[in-house]
Amino acid sequence: MPSRWRPGPARFARLLLGLAIFGAGEALLVASDLGNSPWTVLAEGLGDKTAIGVGAATVVLSLVVLLSWIPLRQGLGLGTILNALLVGVALGLVLEFISTPDALLARYALVAAGIALVGLGSGLYLGTQLGPGPRDGLMLGIHRRTGVSVRLARTAIEVTVVVAGALLGGTAGIGTLAFALLIGPAVQAALIVLRSAPAAEL
C-alpha cells in the first residue's frame, strides 16, 4: 500500500489537479441554479445564513466533518486534509468567473459538465490513494463502526444534508437529483479510464 503522507511529485500533482477539477465541477452545478450536489446544498445554505460564501462554507463544513472522524476512528491521509481545504477554495474561485446563463439549455449543460468534472476529479484524487475526502471518510467510518451498509450510510447522510441545506436556503432541484443518480457511474468510469485503484481499495 503506498504511503498516504509521502507522495512523489507525480502523485501529488495528480492529487492537486483532481481536487481542483472536483471543485470546478461543484462550481458549475452552483452556477446552473438547477440544484447543487447534496453537500453543496448545505454549504450554500450555511453560506447564505453567515455571509461567508459557498466556497468558504464548504471548507468549514469539511473541517467539521473531519472532527466527526475522531469518535469513528477513521484514518486520514494527506489527500484528506487537502480535500477539506482545497475543494472549497477551487469552488469559490471558479464562481468568481462564471455566472448563471439565461438560457435553460445552457444551465442544463452546466449540470452535465459539473457532474462529469466531479467524476473526473474524484477519479484523479481517489486514484492517488492518499486518503478519502471528509465526506467519503464519514460514510466509511459509520459503516465500519455500526455495521450498516455503505449504501445505507451514504444515502442517509446525503438525504440529511440535502434537507438541512434546503431548509437553510440552499439550492436543491433537478441538478441535485441528477448528481445523486449519475455521480457514482461518473466516478467509476473515471477510475476505469484512468486505470486507478477502485474506491473499495482506498
Side-chain angles (χ1 to χ4, degrees), residues 18-69 79-122 125 132-139 142 153-184 186-187:
L19 296 177
I21 291 173
F22 190 116
E26 293 279 8
L28 295 187
L29 286 162
V30 174
S32 76
D33 200 31
L34 290 172
N36 307 326
S37 69
W39 281 94
T40 307
V41 174
L42 180 57
E44 185 182 43
L46 178 64
D48 287 346
K49 295 299 182 184
T50 59
I52 63 173
V54 64
T58 297
V59 175
V60 170
L61 278 175
S62 296
L63 295 176
V64 170
V65 171
L66 279 184
L67 291 177
S68 74
W69 285 27
T80 307
I81 303 300
L82 292 183
N83 183 302
L85 297 175
L86 298 183
V87 169
V89 172
L91 191 165
L93 285 175
V94 172
L95 281 177
E96 293 290 328
F97 296 96
I98 59 175
S99 57
T100 302
D102 293 327
L104 183 59
L105 184 60
R107 291 163 64 194
Y108 277 114
L110 286 180
V111 170
I115 293 171
L117 287 181
V118 172
L120 175 60
S122 297
Y125 105 78
R135 298 151 190 81
D136 290 328
L138 175 62
M139 171 191 68
I142 290 174
R154 184 59 176 260
T155 300
I157 292 168
E158 301 287 303
V159 170
T160 300
V161 298
V162 166
V163 171
L167 290 174
L168 289 171
T171 305
I174 188 66
T176 309
L177 178 60
F179 185 93
L181 293 174
L182 298 175
I183 191 57
V187 173

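Looking at every heavy atom in both residues, S122 comes nearest to V187 through CB-CG2, 3.7 Å. Across every non-hydrogen atom of P38 and V162, the tightest pair is CB-CG2, 3.4 Å. Closest approach of I183 to I115, counting heavy atoms only: CD1-O, 4.0 Å.
With rounding to the nearest 0.5 angstrom, the CG atom of L117 is 7.0 Å from the CD1 atom of I21. For the atom pair OG1 of T176 and CG of L181, the computed distance is 11.0 Å after rounding to the nearest 0.5 Å. Atoms CE and CD1, on M139 and I157 in that order, are 7.5 Å from each other to the nearest 0.5 Å. The CZ atom of F22 lies 6.5 Å from the CG atom of N83; values are rounded to the nearest 0.5 Å.
Looking only at side-chain heavy atoms (C-beta outward), L42 and T160 stay at 4.5 Å or farther from each other.
Residues that satisfy the side chain to side chain contact (heavy atoms under 4.5 Å, CB included) test with T155, not counting sequence neighbours, are R151, V159. By the side chain to side chain contact (heavy atoms under 4.5 Å, CB included) test, A20 pairs with no residue at all, sequence neighbours left out.
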Let me have the donor-acceptor pairs involving side chains of residues 85-111, under 3.5 Å, with sequence neighbours excluded, atom names and distances please.
{"unit_1": "T100", "atom_1": "OG1", "unit_2": "A31", "atom_2": "O", "d": "2.6"}
{"unit_1": "R107", "atom_1": "NE", "unit_2": "S32", "atom_2": "O", "d": "2.9"}
{"unit_1": "R107", "atom_1": "NH2", "unit_2": "D33", "atom_2": "O", "d": "3.3"}

Atom pairs and distances, side-chain donor-acceptor, residues 44-58, under 3.5 Å, sequence neighbours left out:
{"unit_1": "E44", "atom_1": "OE1", "unit_2": "N36", "atom_2": "ND2", "d": "2.9"}
{"unit_1": "E44", "atom_1": "OE1", "unit_2": "T171", "atom_2": "N", "d": "2.6"}
{"unit_1": "E44", "atom_1": "OE1", "unit_2": "T171", "atom_2": "OG1", "d": "2.8"}
{"unit_1": "T50", "atom_1": "OG1", "unit_2": "L46", "atom_2": "O", "d": "2.8"}
{"unit_1": "T58", "atom_1": "OG1", "unit_2": "V54", "atom_2": "O", "d": "2.8"}

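Listed by first then second residue, pairs satisfying side chain to side chain donor-acceptor pair (under 3.5 Å) with a partner in residues 22-31 read E26-S37, E26-T40, not counting sequence neighbours.
Using a distance-only test at 3.5 Å, with no hydrogens or angles considered, no donor-acceptor pair links the side chain of W39 to the main chain of V161. Checking side-chain atoms of Y125 against main-chain N and O of G133 turns up a donor-acceptor pair under 3.5 Å.
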